Amino acid sequence: MHTLESLLGLLIQISVPAFAIASMLSMGLRTPLRSFRAQLRDRRTVLALLGANFVVIPAVGTLLIWLLNGLMAPHIAEGFVIVLCAAGAPFVLQL
C-alpha cells in the first residue's frame, strides 16, 4: 500500500508541472508572432488586462473569502487563494 501511495505521489509531482508547461506552450505557440507584437503595442489594453488579472480579480476574491470566512472550511478558502494566484494564466483555459 505504501508503494502505491508513493508511486501516485511521484506521478502527481511529475504530471501537474508537465500539464501546466504543455498547456502554456500549446496556447503560446498558436499565436503568430506578428499578432503577439501587435497586441503588446496597445499599451492601454495591456495595462487594463494586467490590472484586471493581478489587482481586480485577487481583490474581489479576497473580499469574498473575507465575507464568507465563517461559512466555509479553511481548506476551501486556501483553494480559492491558489486559484486567485493563477488569474490570467493561459493554462486556466484548459482547466
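In what follows, residues are counted from 1 in the order of the sequence shown. Just so you know, these numbers come straight off a predicted model, no measurement behind them.
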**OP:** To the nearest 0.5 angstrom, please state how far the CG atom of Leu40 sits from the OG atom of Ser35.
**Re:** 9.5 Å
**OP:** Hey, could you give me the OG1/CG distance between Thr3 and Leu7, rounded to the nearest 0.5 Å?
**Re:** 8.5 Å
Report, one line per pair, each donor and acceptor closer than 3.5 Å where one atom sits in a side chain of residues 69-86; sequence neighbours left out.
none

**OP:** Hydrophobic side-chain clustering at under 4.5 Å (ILVMFWY, transitive links): who's grouped with Leu49? Put none if nobody.
**Re:** none
Original post:
To which residues is Val16 joined in a hydrophobic cluster, defined by side-chain heavy-atom contacts under 4.5 Å among Ile, Leu, Val, Met, Phe, Trp and Tyr, whether direct or through other members?
Top reply: Ile12
Subject >> Val46 with Val56, same ILVMFWY side-chain cluster at under 4.5 Å >> reply: no
Original post:
Out of curiosity, does Leu63 fall in the hydrophobic cluster containing Leu68 (side-chain heavy atoms, cut-off under 4.5 Å, transitive links)?
Top reply: no
Original post:
Who are the side chain to side chain contact (heavy atoms under 4.5 Å, CB included) partners of Ile21, not counting sequence neighbours?
Top reply: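 Side chain to side chain contact (heavy atoms under 4.5 Å, CB included) check on Ile21 returns Leu25.
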Subject >> Results of side chain to side chain contact (heavy atoms under 4.5 Å, CB included) for Ile14 - residues two or more places apart only >> reply: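 Side chain to side chain contact (heavy atoms under 4.5 Å, CB included) check on Ile14 returns Leu10.
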Subject >> Residue pairs, two or more places apart or on separate chains, that pass side-chain hydrogen bond (donor to acceptor under 3.5 Å, both in side chains) and touch residues 40-50 >> reply: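 Qualifying pairs, neighbours excluded: Asp42-Thr45.
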Subject >> Exercise: identify the closest heavy-atom pair between Pro58 and Ala52 >> reply: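 It is CD-O, 4.4 Å.
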